[in-house]
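Inspection log for the structure reproduced underneath, given as structure tokens.
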Amino acid sequence: MNLSRFVFSAVLLLSLGAHGVLGAEETTGSGVETAIMAVSETSEPASIQNLAQLVTKAAEAAGTAQDSANWVWILLAAFLVMFMQPGFAMLEAGLTRSKNAGNIMMKNLMDFSIGSIAYFVIGFGIMFGADKLGLFGSDGFLLSAANTAGKEGMWQYAFWMFQVVFAATAATIVSGAMAERTKFVGYLVYSVCITMFVYPVVGHWIWGGGWLSTLETPMVDFAGSTVVHSVGGWLALCGALVLGPRLGKYGPNGESKAILGHNMPLAALGVFILWFAWFGFNAGSTTEASQSIGLISVTTNLAAAAGAIGAMITVWIKEKKPDPSMSLNGVLAGLVAITAGCANVSPGAAIAIGFIAGILVVFSVEFIDQVLHVDDPVGAISVHGVCGAWGTLAVGLFASKEFGGIAGLFNGGGLALLKSQLLGVVTVFVWCMVLGTLLFLAIKYTIGLRVSKEDELRGLDITEHGVESYGGFQIFTTD
Amino acid sequence: MNLSRFVFSAVLLLSLGAHGVLGAEETTGSGVETAIMAVSETSEPASIQNLAQLVTKAAEAAGTAQDSANWVWILLAAFLVMFMQPGFAMLEAGLTRSKNAGNIMMKNLMDFSIGSIAYFVIGFGIMFGADKLGLFGSDGFLLSAANTAGKEGMWQYAFWMFQVVFAATAATIVSGAMAERTKFVGYLVYSVCITMFVYPVVGHWIWGGGWLSTLETPMVDFAGSTVVHSVGGWLALCGALVLGPRLGKYGPNGESKAILGHNMPLAALGVFILWFAWFGFNAGSTTEASQSIGLISVTTNLAAAAGAIGAMITVWIKEKKPDPSMSLNGVLAGLVAITAGCANVSPGAAIAIGFIAGILVVFSVEFIDQVLHVDDPVGAISVHGVCGAWGTLAVGLFASKEFGGIAGLFNGGGLALLKSQLLGVVTVFVWCMVLGTLLFLAIKYTIGLRVSKEDELRGLDITEHGVESYGGFQIFTTD
Amino acid sequence: MNLSRFVFSAVLLLSLGAHGVLGAEETTGSGVETAIMAVSETSEPASIQNLAQLVTKAAEAAGTAQDSANWVWILLAAFLVMFMQPGFAMLEAGLTRSKNAGNIMMKNLMDFSIGSIAYFVIGFGIMFGADKLGLFGSDGFLLSAANTAGKEGMWQYAFWMFQVVFAATAATIVSGAMAERTKFVGYLVYSVCITMFVYPVVGHWIWGGGWLSTLETPMVDFAGSTVVHSVGGWLALCGALVLGPRLGKYGPNGESKAILGHNMPLAALGVFILWFAWFGFNAGSTTEASQSIGLISVTTNLAAAAGAIGAMITVWIKEKKPDPSMSLNGVLAGLVAITAGCANVSPGAAIAIGFIAGILVVFSVEFIDQVLHVDDPVGAISVHGVCGAWGTLAVGLFASKEFGGIAGLFNGGGLALLKSQLLGVVTVFVWCMVLGTLLFLAIKYTIGLRVSKEDELRGLDITEHGVESYGGFQIFTTD
Amino acid sequence: MKLIIAYIQPQRLTQIKEALAKAGICKMSVTNALGCGQQMGYEENYRGVKLSVNLLKKVRLEIAVTEEYLKKTVDIILEAANTGSIGDGKIFVLELAECYRIRTREKGKVAIG
Amino acid sequence: MKLIIAYIQPQRLTQIKEALAKAGICKMSVTNALGCGQQMGYEENYRGVKLSVNLLKKVRLEIAVTEEYLKKTVDIILEAANTGSIGDGKIFVLELAECYRIRTREKGKVAIG
Amino acid sequence: MKLIIAYIQPQRLTQIKEALAKAGICKMSVTNALGCGQQMGYEENYRGVKLSVNLLKKVRLEIAVTEEYLKKTVDIILEAANTGSIGDGKIFVLELAECYRIRTREKGKVAIG
Ligand SMILES: Nc1ncnc2c1ncn2[C@@H]1O[C@H](COP(=O)(O)OP(=O)(O)O)[C@@H](O)[C@H]1O
Ligand SMILES: Nc1ncnc2c1ncn2[C@@H]1O[C@H](COP(=O)(O)OP(=O)(O)O)[C@@H](O)[C@H]1O
Ligand SMILES: Nc1ncnc2c1ncn2[C@@H]1O[C@H](COP(=O)(O)OP(=O)(O)O)[C@@H](O)[C@H]1O
């Protein structure tokens, strides 16, 4: 009969469709045969009962296929965000001196390594575990919520993978502002503390069901302008403050001196890598293969572009030359700023947010350097702290119902959202400044945060790691 | 009753399957509960009516899952193509002198940045807007065809993201041929013009429903050997012609002199990045997660490999040594050549196309340098222009019904396709040469296209951007 | 009637869902219209017959959607693994001297290029063709099993793409141990032999249905600790043995001398790229978009992190300084070690496996250098050979039923698995050492394996490729 | 006329340059050099192997002066380059037979400054 | 015998080498140097901070000659190195007490060329 | 006192340093240099264009010695630097008018070693 043929093929196809979940051992080819055999054995007559069963299976298969797409997407995104590590490493190395390049590599390598373990053991639980008082999570340590029994348990692995790379990003940001003078062992200690505690707490507040996400108008920080970038930026500020400027950075009268980076192509490569990886950061923050990932990629890209343009024009006007390192900072400024609102604003608004961030970053870098006299070799405080705050507030201005379901001030949403955003920005600032200052002071007065004057002059590569980074190259250094 | 249980679970699973479109805010975990509740509330008795409804939902879920895969694929491809920017930047910097490395970074950074905005405002509309006379598109500016109301509107965002990175690639190709002597502000201007107008018009002809795509035998340029690469290559030729050679490139008797690149590992890194990213370029041009992406990746990879081998052998025979920079060009030659036909030819044909491209690029580089006396530091004209043309014509020779549904000369398809390919190659050449020459001359006689002799000698890093790229490194330069 | 409306929409949606397989030419937009038209034409009354047909189509669409996800995943993974090539190239170049950097680029470029062709022509058939005696495959050369007729044929393309990048990885590993003294033409020859024969045979034994995969307790090497890495590592050992140490590597009394690498940031970039790409290597080895890819990514990441920590601590204790190059080796040690068991062990076990690998690699590097006096500039033998063997054995210890369905010694599985693992490790070691020694000796006594003393002193860049890699840079070399 | 060659610690270059400039000695040539002397170098450790580095980074100054500036120049360098620790470097003074300014083809004392 | 030390503009090296070769002077040693003199340097601007660069890239030639070649060599350099603008450089001539060719252990005038 | 300048093949540096050290001459300054002489250079080929490289890598030693050490030093270098092939380099000896040790402000012979 015709019908049973259909039923058989349906079962066959369903099995095929579903075989994505059968386990990895099985090859695609063999899946087909198994299915055919299964069908041959169960050739019962077609009935509405059978049909219903088949519909269920079809639905199951469709669900599984969507799950597969979700898994692929979140892991692709996680891999991309992991790739931010070399992005930051190359940028930081490029904008500092050659005598510290190996130390920078070690820092970026080890903060991700130690951070991965720390986030596995403690951080993830604090961020996404069962909420306590709206302040922190309290279970799920050691990935205990994950298991291989079913989809939910399996999802935990994928989700953790995505979250750990975010945690490592927050930690690695700090490194840039403290470059060229921080003791390696001190670096390791504060890096662990950040991934294990300081960052996860903020993450819990905003993403993990904590108090900022349960406000009447919950704070919107889609991919983490505040959660990741501001946290990194403000901690960088604490670190640079406690640490003090590099030798020779400020003259006797407090005038700022330029300390040139040693490798512009490396720095640019870093920024290109970051731009590339940021698509995973923002569009991946859907954590599923929804259709909004296209829109998010567009806003992300336009903001980055506008940020570069904004910074280049600003520095061109101010300093008469289009400074490469500032333009690179402009890209990151745009990216950091759009991170909070990438799913909530129009492409046009994304350009505005990015462009303003690009302008802001130039003034901020000069202000922090020349007025505050805080020495931040790569501009991390301005890029991540200041532009992260700006981007978070910008959601309160530019958010549009059409995109993310909630409207900001400029789109008729009134001040409600802006207030929540401001509240988030301020409390996270306070949290980071307090915790950060305590943390860095504690390290300073115990194991030590800064290398000796001689070590700084000779460079951390030799003094901290016993090896030069550019063996054979003649490098002219007068300090 | 048994049936209703099935129905319930079907609804449950459908909801799960479909939850990929529910918006990003919602976490996977909560989706399950919502679905269960929905089912409990609507526990009507099972009937054929219900069943049909469920089938619809199952079908809907399957469609959504496929959409998800498509979205993931096109965006993955777009990200990869975006990553071509550092590929080109590193290659160009590596093959030129250290005194211009920062300028090259700025050019590649800013052409993508400004190009993104220009393509958003104007270019995309000209390329894909409603056709006028088969020549250009006329609406869809500022992404006005995109919206969040439904799938089609959402798709526009993803599609734009994929297209903008192609536009930027065309623009950035030009940079290499004009390296080490172009005024930065002139660069910015022509770069905008290319992304905004010159490239989108050609794109419209071939991909946007323009006249070359409506020929009786439409031209086949699957991923853009002509649309992207030849356009870039011919514009590079115009640029290099108008600009003239670098100081010291040709001796008093017209003999060509070697100007060594400064960083071979950087150049090689660039080519490896481009090879990696090219999979997005070619296989992504399906714009959907179809099964042909495997085949396209295979042809792409084999052609690249054959191109490298072809170029290495050729230069080894001609010059007695396997020159690294030529072998790197060979990879790109193979990649550029297979781009048009990657979905239309067999793996064996791909090897042939790539291998010939590899041979071609060596002779072309030497011809353009030593006979035409056009100074193209990185070989962009040969790689993108010449091999782009070769690859486009090769489709007319090697295309096979089995792969892309249309046959070329060698597979019994006669001359029809070859003629269309030739027509496309020639008209695009003419269009680019005319527009390009006008454009570069206009810039030359207004804001200026070339830096002064002194600036060229000192290097563009210091004169155009006020900063050295390799601070501290002792670099021996006699020019 | 209500029902037929549902049927229509179902058909419509199914067409949409399935349109991913319709071929690449068709744009997404036009797919919709086609489907609507198709429905309008076939508006027959709804019946159980129709419904069954629709269910079949829904199931088909779901299957297709899952296929799409599988295709996307395996290709994404293949692209990532391809990206290992620059990873290895940068690492190897960074840890060796500047005078050989261009040669290293050429080697890595050409082994992938020539290897791609060799694996296409011969290797793939030997690895996955019809089994002969459990020892090698015997058909499927030139990708003859692939075709565009249906899913199975199409899958072959995708599968080949994934496999070729693995083959190239095995070949490229050898390069590092033989760096700075190998004749380029000799390199090309052995590289082809490895991709064409030595590697595919082992691949067949373990992955292609050969004897190690048909043991009572089949050997488990999920992503290739043995198949890829040990093969590469042991061949590297043969190569380094036959070749002898670099000039000046050992003093007159056999004391080992340090030969510094020339570019630490480049080496670190290489390792970061490898870490990133390794997610494709391991999680991609499911070859389908199953839910286990999350878990595999987690174990991979944790083992890499633990490897870095293990190596850093070990070298810190032994040598008083946290050596960057050893820490970089530690990452790779962890990654290589987890490769066999990434789908079969718990995250906690992954940390243990990686950490031990990190310790092991430090001792192994020093033992091979200072006791065996085998000169391996980048530590390839220790990283890939030794840690590959360790990782393979570790599956026999740490495997857990919960994860991959089979238990190792520590989880109540007894010695069965460990024995199979040991058998695999030993036989692959013997195979590689015998074949490798024959191969390298054959090359040595025919075309020659090592460059002359003068060429080695001047560097292979100039003598083998006629060009310097760092034009203009002042490099102080005393050898 | 004399040609003064001085090997100094790199980090003292700026200081010396400033001190000399104050005394009206603004012309000099600088190269980077490696020095080996009493300052014994240091031991690095690369991949488990000891590596003794005994060529240390120095900066080499070359300053042509007239006799009248000689003492001043030497004194200033002795002053500004002194850190008091081993490795501070040396000053060598050579007889300068002739000196030309390429631009003007001037010769002798006038060409020096 | 004399030892000629010349600081020149980098871009003139090729020209000078060719001119000297034509006159039969093919032996010389070259190092890169940084010079500071009347040519005041320039100001860069890095991340908003002024940076004055006053050590400019020069090339340093060292040529040992016999007395008879002295004038010729100096004249050729004066000629070929001259661009007429500040920063063209200097030529210093020192007395050369002795000269050896390592390969042959020759000594004195014969060892020079 | 004398100032010895020696241009040597880079690969001989270690050997020479060791030989000198054995003879108690441990102080010297080293720079990298490019040399052009009888050793004609070589031809590279870059992207199909001939490129003649005639500046070859050399290492330049500068050793200040007292008269008594002069012959010993020169002999050791002549010995240890000799490979017997063209390009082995030269030794130049200059009169050293004065010498100062910056650290101690010592002057003359005592300052040399
Ligand atoms: N006799 C010499 N010839 C050449 N250079 C010397 C000589 N003595 C010292 N130098 C240079 O001076 C530097 C400092 O010398 P060193 O002996 O370490 O310190 P100090 O002069 O303070 O005792 C050395 O690194 C070397 O560059
Ligand atoms: N007295 C000096 N001692 C050492 N080097 C000098 C001296 N005077 C000039 N030079 C070298 O010559 C270069 C050119 O000198 P400068 O004064 O700028 O130009 P000019 O000689 O044309 O007036 C300087 O950069 C420096 O390298
Ligand atoms: N007259 C010279 N002046 C300066 N440097 C010289 C002179 N002659 C030789 N040299 C240096 O010595 C090196 C070796 O000289 P070359 O003529 O090639 O070999 P050889 O001395 O064995 O004949 C040259 O590369 C150069 O650096």
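Just so we're on the same page: letters track the sequence lines, and every chain starts at 1.
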Region of [X] that comes under 4.5 Å of a non-hydrogen atom in chain C:
X        : result
A/Val164 : side chain
A/Ile475 : neither
A/Ile114 : both

### Query
Sequence neighbours excluded, which residues qualify as side chain to side chain contact (heavy atoms under 4.5 Å, CB included) partners of A/Ala168?
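By the side chain to side chain contact (heavy atoms under 4.5 Å, CB included) rule, A/Ala168 matches A/Gln85, A/Phe112.
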### Task
Identify which of C/Ser297, C/Gly405, C/Gly348 forms the greatest number of heavy-atom pairs closer than 4.5 Å to chain A.
C/Ser297
### Message
I'd like to know which of C/Leu260, C/Asp323, C/Leu295 tops the heavy-atom pair count under 4.5 Å against chain A.
### Response
C/Leu295
Please work out whether the ring planes of [X] and [Y] are parallel, tilted or perpendicular, with thresholds of 30° and 60°.
X        : Y        : answer
C/Phe281 : C/Trp278 : tilted
A/Phe184 : A/His465 : perpendicular
A/Phe79  : C/Trp73  : tilted

### Task
Count the heavy-atom pairs under 4.5 Å between each of A/Asn147, A/Leu142, A/Leu269, A/Leu109 and chain C, then report the option with the highest count.
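Of A/Asn147, A/Leu142, A/Leu269, A/Leu109, A/Leu109 has the most heavy-atom pairs under 4.5 Å with chain C.
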### Query
For C/Trp155, which of C/Phe128, C/Phe162, C/Trp71 qualifies under ring pair (Phe, Tyr, Trp, His ring centres under 6.0 Å)?
C/Trp71
#### Entry: Nearest-0.5 Å distance that lies between atom CZ in A/Phe88 and atom CD1 in A/Ile104
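Answer rounded to 0.5 Å: 13.5 Å.
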### Message
If I measure from the heavy atoms of chain A, does C/Ile293 come under 4.5 Å with its side chain, its backbone, both, or neither?
### Response
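Both backbone and side chain of C/Ile293 come within 4.5 Å of chain A.
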#### Entry: Sorted by number, residues from residues 325-332 of chain C in contact with chain A (heavy atoms, under 4.5 Å)
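Under the 4.5 Å heavy-atom cut-off, C/Ser327, C/Leu328, C/Val331 qualify.
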